[in-house]
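This report refers to the structure that appears directly beneath it.
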Amino acid sequence: MVSIRAFVAIPMYICAMSDKKVRVRFAPSPTGGLHLGGVRTVLYNYLFAKKHGGDFILRIEDTDQTRFVPGAEEYIFDCLKWAGLEPDESVQHGGDFGPYRQSERKELYKNYAEQLVAEGHAYYAFDTPGELEQMRQQYRTDENPAPQYDNKVRMQMRNSLTLDGDTVHELMHSDTPYVVRIKMPDEETVSFNDMIRGEVSFNTSLVDDKVLLKADGMPTYHLAVVVDDHLMEISHAFRGEEWLPSAPVHVLLWKYLFGEDKMPQWAHFPLILGPSGKLSKRDGATYGFPVFAMNWTDPKTGDLTEGFKEMGFLPEAFMNLLAVLGWNDGTEQEIFSLDEMIEKFSMDRIHSAGAKFDYEKAKWFNHEWIKKLTVDRLQLLVKEVLKSKGIEVADDELLNKVIDLVKDRCTLLTDFYEQAGYIFSKRLKALIYLLFSRNGMMLKPCSSRS
RNA sequence: GGCGCGUUGGUCAAGGGGUUAAGACGCCUCCCUUUCACGGAGGAAUCACGGGUUCGAUUCCCGUACGCGCUACCA
């Protein structure tokens, strides 16, 4: 396994640097808070792009109109800004490959879907949701609890494979809703080289006929990701491991539409796990740690989910802890700045196994970064923390001295309130001033500190 | 159920045919310290199991178990 990875990774790096410009993308769907795993995916994309002098693109995957959440897109940009991972191209940053919002590219996808149908790689399907449900009921057994719309049942359904040409024509011109499904070939092996896992193969007979174009004319992720990666000239496509099972569909689509040789290099990142399986925002609530990068308020329910930022994490620490959750540089180094990560990052040192998130260690990283950062960097952040507690600090010089004095005992930025807030209370203020002016230096309440 | 991906201490992990199997978090003990924290010195704790291959497997191969993911006109 290891030897395969090493084997695969080397030629890819050569390719990455000499073949074409490195262009990677993060493609979130704006449906809610940006979670740990998403931010780490952004980070790895960003590090890879910057390492190879490439571009990092942010593409909004908003093809599901039923899941539109106001404010979610803006929120994603806010998170990236806070994290210091600014895209080179996006809805907000512009670029030559727009639009960067898939809903605005709607018309593009239809032609590709038509092309696939014309070439026999896809077909129209007229089955109603009720009929689909009926099919699932009919074929459901103990051995097969989740029947798929696949090569075994497609000929029993209402689609352009089973209906005669006239009927199909009639249905399509009578406002009958229809979708386009990929026709997965029988008994073929689709394989590709994953930069992290090496060769991964699938038997096409075991993969279902996924919907490519929905009844509302929007593409599904499957079609959109392939079309847009092609049109946006993406050289390396990275995403979470949960996408691995649908990778054969994407590989086939690349083969049919643009040629497999044009396909980006894939890498599927391991999942970040919570105390019980894939990390969810529920875990945060039940175990008492943040899951989202920044505070997120669900506009429908009004529920607030606290983020790392508001919890008192530094972006430096957040990036650092995320980076080493699944990656290391092979040395004993644990603390990395973003620049160091860019310098040292390599795809073949990413673990293939999922990693359980450990909040205790996350806090340790933040503590290390608070100790490491200069007072100048900390000042504004601490000011904000105090301000949120109703303490306005006017004297920056005093604040700086206080920060320097107490930062060793602050794990989270919010700890500055407990550790130093009292110093800025009205009564103490006068006294502190007095001491400063008399000695011309900070009085150290703790003699052990050198 | 099917398919896919995984499996080194409680957690993150290095390593990889012969090692006392790194390091970090957390935990414990001690030192420093009037307290706490910081810092320092130690300690407990790991290669899922079964078969191969081999002089020798934690490392390579095959199974099994377990975990996770996917199995939507969601991404």
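Throughout, protein chains are lettered first and strands after them, A, B, ... in sequence-line order, and every chain is numbered starting at 1.
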*asked:* Rounded to whole Å, how long is the line connecting atom CD1 of A:I350 with atom C1' of B:A13?
replied: 15 Å
*Any side-chain N or O of A:R349 under 4.0 Å from OP1/OP2 of B:G15?*
yes
*Distance check: side-chain N/O of A:K371 vs OP1/OP2 of B:G39, anything under 4.0 Å?*
yes
_Applying a 4.0 Å non-hydrogen cut-off, can you work out what A:V200 is touching in the nucleic acid: base, sugar-phosphate, or nothing?_
sugar-phosphate
*Pairs flagged by side chain to side chain donor-acceptor pair (under 3.5 Å) wherever residues 366-375 of chain A is involved - sequence neighbours left out*: A:N320-A:W369, A:W364-A:E368, A:E368-A:K371
*Interatomic distance, A:H351 NE2 vs B:G15 C1' [rounded to whole Å]*: 11 Å
_Base-contact (B) and sugar-phosphate-only (S) positions in nucleotides 43-48 of chain B, heavy-atom cut-off under 4.0 Å, - elsewhere_ = ------
*Nearest-Å distance for atom pair CG/P, residues A:L206 and B:G1*: 15 Å
*asked:* For a quick check of understanding: with a heavy-atom distance under 4.0 Å over all strands, which category does A:F357 fall into, base, sugar-phosphate or nothing?
replied: nothing
*Can you check the A:D404 CG to B:C38 C1' distance for me, whole Å?*
13 Å
*Give A:G240 one of three labels, base, sugar-phosphate or nothing, depending on what nucleic acid heavy atoms sit under 4.0 Å from its own.*
nothing
*asked:* Can you confirm whether or not the ring centre of A:F292 sits under 6.0 Å from the ring centre of A:F308?
replied: no
*Within a radius of less than 6.0 Å around NZ of A:K183, do more than 12 heavy atoms belonging to other residues, nucleotides or ligands occur?*
no
*Would you please name every residue forming a side chain to side chain donor-acceptor pair (under 3.5 Å) with A:S90, sequence neighbours left out?*
A:H93
*Before accepting this row, confirm whether a basic side-chain N of the pair A:D298/A:K300 lies closer than 4.0 Å to the acidic partner's carboxylate O.*
no
*Consider only side-chain N and O atoms of A:E89 and A:Y100, and report whether a donor and an acceptor are under 3.5 Å apart.*
yes
*On the 0 to 90° scale, with breaks at 30° and 60°, tag the A:F357-A:Y359 ring pair as parallel, tilted or perpendicular.*
tilted
*Would you kindly say whether A:H268 and A:R197 are connected by a side-chain donor-acceptor distance under 3.5 Å?*
no
*Nearest-angstrom distance from the residue atom CG of A:D194 to C1' of B:C5*: 10 Å
Between the protein and nucleotides 63-65 of chain B, which nitrogen or oxygen pairs are less than 3.5 angstrom apart?
none

*Between A:F269 and A:W327, does the ring centre distance come in under 6.0 Å?*
no
Set out, line by line, the N/O atom pairs under 3.5 Å between protein and nucleotides 19-26 of chain B.
residue: B:A24; atom: O4'; partner: A:E334; partner atom: OE2; Å: 2.6
residue: B:A24; atom: O2'; partner: A:E334; partner atom: OE2; Å: 2.9
residue: B:A24; atom: O2'; partner: A:K361; partner atom: NZ; Å: 3.2
residue: B:A24; atom: N3; partner: A:K361; partner atom: NZ; Å: 2.9
residue: B:C25; atom: OP1; partner: A:W364; partner atom: NE1; Å: 3.4
residue: B:C25; atom: O2'; partner: A:K361; partner atom: N; Å: 3.3

*How does each nucleotide of nucleotides 70-75 of chain B score, in 5' to 3' order, for protein heavy atoms under 4.0 Å: base (B), sugar-phosphate only (S), or none (-)?*
SS-BBB
*Any chance the rings of A:Y112 and A:F258 have centres within less than 6.0 Å?*
yes
*Does A:N144 have a side-chain nitrogen or oxygen under 4.0 Å from the phosphate oxygens OP1 or OP2 of B:G2?*
no
*asked:* Go through it in stages, so that I can follow the logic: the residues are A:D209 and A:Y123, the test is side-chain hydrogen bond (donor to acceptor under 3.5 Å, both in side chains), and I'd like the CA-CA distance, side-chain angles, deciding distance and then a yes or no.
replied: CA-CA 9 Å; A:D209 290 354; A:Y123 57 90; 2.5 Å; yes
